[in-house]
Amino acid sequence: MSNKPSSPSTPHGVLAIRTLAMPANTNTGGNIFGGWLLSQMDVAGGITAAEFARGRVATVAINAMEFHCPVLVGDVLSCHVDIVKVGRTSLKTHVEAWVKRLREGHVEEIKVTEGDFVFVALNAKGEKRVISQE
């Protein structure tokens with residue numbers, strides 16, 4: 001867990017997911033639909049939160065979201081997650097979305113989006129539960 005800001009050229013946090021942006025995920029402008037990107041970030045944050053909380057979690061808030069540049073078809077999307085705050089039943093994550101983009105024989109790594117996601121830990125009945133701090 002860290003509050004250290006990331007360098008503009010280096011992903012910060014643990015790699016949670018990696019996937020390929022496909023034509024089926026485009027918007028009417030031909031770029032990757034922001035909702036698809038947001039869902040990938042939510043999945044990445046949820047995986048990391050569930051591992052930390054040792055069980056089921058649910059997204060309760062997205063406190064901040066910033067889109068830096070478009071994601072293109074063929075970009076390899078990686079979501080990196082950092083747990084920035086742990087409370088009694090919830091935790092806050094910072095998710096960075098980066099792409100590897102192959103253009104004219106070289107690979108660019110670009111931070112395309114970042115956001116703060118809050119998850120709550122749930123028991124088997126779907127009720128809030130305390131997160132173990134061990």
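Source: prediction; values computed, not measured.
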Establish whether [X] and [Y] are linked, either directly or via other cluster members, by ILVMFWY side-chain heavy-atom contacts under 4.5 Å.
X: Ile17; Y: Val76; answer: no
X: Leu37; Y: Leu72; answer: no
X: Met41; Y: Phe67; answer: yes
X: Leu122; Y: Ile62; answer: no

- Query: Where do Leu38 and Met65 come nearest, in terms of heavy atoms and distance?
  - Reply: CD1-CE, 3.6 Å

Could you tell me whether the side chain of [X] and the main chain of [Y] form a donor-acceptor pair under 3.5 Å?
X: Glu96; Y: His12; value: yes
X: Ser39; Y: Trp36; value: yes
X: Asp82; Y: Val84; value: no
X: Thr93; Y: Phe117; value: yes

- Message: Determine whether Val60 and Ser90 satisfy the following criterion, side chain to side chain contact (heavy atoms under 4.5 Å, CB included), listing intermediate values before the conclusion.
- Response: CA-CA 9 Å; Val60 293; Ser90 65; 5.5 Å; no

- Task: Run the numbers on Val81 and Phe52 for side chain to side chain contact (heavy atoms under 4.5 Å, CB included), then give the verdict.
- Result: CA-CA 12 Å; Val81 182; Phe52 185 89; over 6 Å; no

- Ile32 side chain reached by Asn27 side chain, heavy atoms, under 4.5 Å: no

- Message: Less than 4.5 Å apart, side chain to side chain, heavy atoms only: is that true for His68 and Val112?
- Response: no

- Message: Please determine whether side chain to side chain contact (heavy atoms under 4.5 Å, CB included) holds for the pair Ile131 and Leu91, giving the CA-CA distance in whole Å, both sets of side-chain angles, and the decisive distance to 0.1 Å.
- Response: CA-CA 9 Å; Ile131 298 172; Leu91 51 96; 3.8 Å; yes

